[in-house]
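Just so you know, these numbers use all the heavy atoms, side chains as well, and skip hydrogens, waters and symmetry mates. In what follows, chains are A, B, ... by sequence order, proteins preceding strands, each numbered from 1.
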Amino acid sequence: MAYTIKIEAFEGPFDLLFHLIEKNEIDIYDIPINDITEQYLHYIYEMEKLDLDVTSEFLVMAATLIEIKSKMLLPKDVFVEEGIEVEDIDPRDELVRKLLEYKKYKAVTEEFKKREGLYNRIYFKAKEEIIFESHDHDKILDNLEINDLINAFNKLLKDTSKKIQDPYYNIREIEREPVSIEDKLVDILNILNHKKKITFQSIFTSIADKLEVVVTFLALLELMKVKKIKVIQEKCFDGIMIELVD
Amino acid sequence: MDKDEIKSVLEAILFVWSEPISVKELSKALAVDVKNINNVLEEMINEYNFGKRGLQIIKMNDHYQLSTRPEHYSYIQKLVEPKQNKGLTQAALETLAIIAYKQPITKIEIEEIRGVKCDKAISTLQEKNLIEEQGRLEKIGRPIIYGTTLSFLKTFGLKSIEDLPDISEFKLLTQETNDIKHIFTKG
Amino acid sequence: MDKDEIKSVLEAILFVWSEPISVKELSKALAVDVKNINNVLEEMINEYNFGKRGLQIIKMNDHYQLSTRPEHYSYIQKLVEPKQNKGLTQAALETLAIIAYKQPITKIEIEEIRGVKCDKAISTLQEKNLIEEQGRLEKIGRPIIYGTTLSFLKTFGLKSIEDLPDISEFKLLTQETNDIKHIFTKG
């Protein structure tokens with residue numbers, strides 16, 4: 001029987017299992033483990049075919065399902081405790097407990113999503129600047145030096161980093177331009193056209209963004225691969241030098 | 001100072017300050033005791049909410065801040081640079097929900113609930129200042145304990161952690177879990 | 001939109017803008033005609049004045065602005081530590097440093113870096129002829145672009161702007177303002 005399945009991105013094995021349970025309108029307390037295991041394995045197979053990332057967690061769950069399935073085939077132990085007939089623990093019990101726990105948070109996540117949207121719809125204003133200035137206006141510019149400017153700037157830097165650590169400070173996102181490897185390739189080659197030989201470190205000193213560091217490094221590797229640059233280290237622990245290949 | 005005057009000064013300070021300000025600081029500036037300030041602010045929050053005002057007072061723990069209302073979003077958006085706030089991913093939100101309700105919690109405990117690794121979600125949440133490390137557990141590996149931050153409260157419009165929606169309302173799942181064994185005996 | 005709603009939206013916009021905004025822009029944002037906006041604003045001015053509010057709406061020609069009342073300033077002063085009264089204030093120097101290194105730059109961009117409003121610092125710097133308006137950006141609000149003056153160079157003993165000491169950290173702090181250079185080709 002040929003049938004197509006739309007493969008979605010799942011957050012994990014629990015997410016996938018829930019999808020299957022909902023799709024099949026299964027009673028979570030009485031999961032037909034044979035069917036579900038088969039469908040689960042089929043999904044993983046499809047995901048692999050599509051080159052989607054099937055992480056180890058998905059495979060561990062597959063093993064768990066198979067284990068439960070085999071346990072279900074064993075005859076149930078019935079024993080008597082304090083005069084009451086008690087059945088042994090259902091092999092599905094642990095899985096159901098985990099699924100329900102997960103579902104609880106998945107449900108609450110929807111609520112979080114709504115609230116997050118709300119926050120994105122409100123605006124704050126910048127703090128007013130409160131200055132109590134000297135009245136001696138004429139002498140304001142006397143004896144000003146470039147150092148005053150630099151000192152003021154250094155204080156600004158310090159205040160800013162303090163502020164960022166302040167838990168009450170408004171979350172302010174600064175969207176950076178995404179840097180591409182191509183951009184970085186050109187950047188590095190431009191520098192090398194000027195200088196011929198630079199230190200490995202110098203390429204990274206002005207970069208603040210983690211992603212940009214990674215991209216720069218990848219660009220470096222790419223340039224080595226296509227033999228545009230040469231990377232030299234004379235001795236162990238020496239500075240690494242980068243050179244243009246002519 | 002009568003109540004109307006306190007309200008008036010509080011409005012002025014919240015406007016000038018624009019960032020979250022603590023009741024303690026407000027109390028100091030006005031020379032009015034903390035309890036009184038809190039009461040007046042609660043009254044003001046209600047007045048702003050019911051008086052069809054353009055602004056609202058947000059409360060987070062013992063801090064207050066002035067902001068616009070979500071319902072006026074579309075008008076303001078026309079005048080200012082579009083916000084580029086991308087929302088959190090499903091993975092990050094799920095992780096955040098678990099941390100919010102189960103804090104203090106370790107990474108392994110989170111991963112047990114979600115069934116997947118959560119390193120990336122956790123580091124995103126830390127970068128956005130929504131969660132923070134709150135110490136280490138004194139057991140093998142000394143795992144880091146996570147909890148939510150004050151920014152978290154603000155972002156999700158909560159006055160405090162107690163303000164989180166009651167998780168038992170979400171389909172009464174905890175109770176059902178307790179019943180599992182009972183139901184299973186029928187099957 | 002009924003009158004109460006218009007009032008509410010106007011209050012929200014005046015708050016976010018927190019500097020003079022023209023009736024024309026308000027009219028455009030609300031899609032309500034200029035005459036109507038003017039009438040509602042006049043009514044609001046009276047309500048603020050007689051309602052013992054902490055804020056007031058100031059009218060300048062056809063521009064309106066939300067601000068605090070001078071009588072509340074003494075309370076606000078208590079929140080701020082006393083500042084040094086010699087030479088330019090820290091605020092003015094910071095603002096000047098940012099303008100010197102990042103010119104041409106708009107007020108909003110300066111405020112983004114400093115995290116506070118900079119009107120007063122900018123007007124002091126203009127008064128002292130250290131900075132000047134160098135044109136306007138062709139976007140909403142047509143913001144003024146600032147740069148340093150010849151008098152700035154003289155005051156700090158610089159031959160030219162290139163003569164400013166190299167501050168590499170500046171790059172980290174102000175990366176986001178780089179795009180202005182593309183919009184505004186120096187001239």
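- Here M1(C) is the residue among Q56(C), M1(C), E71(C) with the most heavy-atom pairs under 4.5 Å with chain B.
- With respect to chain B, the highest number of heavy-atom pairs below 4.5 Å among A29(C), S67(C), G51(C) belongs to A29(C).
- Using a 4.5 Å cut-off between heavy atoms, L66(C) contacts chain B through both its backbone and its side chain.
- Each of E5(C), K52(C), R53(C), H72(C) has some count of heavy-atom pairs under 4.5 Å with chain B, and the biggest count is that of R53(C).
- For M44(C), no part lies under 4.5 angstrom from a heavy atom of chain B.
- To the nearest 0.5 Å, atom OH of residue Y75(B) and atom CD1 of residue I6(C) are 9.0 Å apart.
- Other residues, nucleotides and ligands place more than 12 heavy atoms under 6.0 Å from the CG atom of D2(B).
- Between chain C and the options I13(B), V9(B), D4(B), heavy-atom pairs under 4.5 Å are most frequent for V9(B).
- L79(C) has its side chain out of reach of V16(B): every pair of non-hydrogen atoms, C-beta onward, lies at least 4.5 Å apart.
- Within 6.0 Å of atom CD1 in I108(B), 12 or fewer heavy atoms from other residues, nucleotides or ligands are found, so the atom counts as exposed in its surroundings.
- Nearest heavy-atom pair, A12(C) versus G54(B), reported as atom, atom and distance to 0.1 Å: CB-O, 3.5 Å.
- Other residues, nucleotides and ligands contribute at most 12 non-hydrogen atoms within 6.0 Å of the NZ atom of K28(B).
- Residue contact with chain B, scored on non-hydrogen atoms closer than 4.5 Å, is absent for S74(C).
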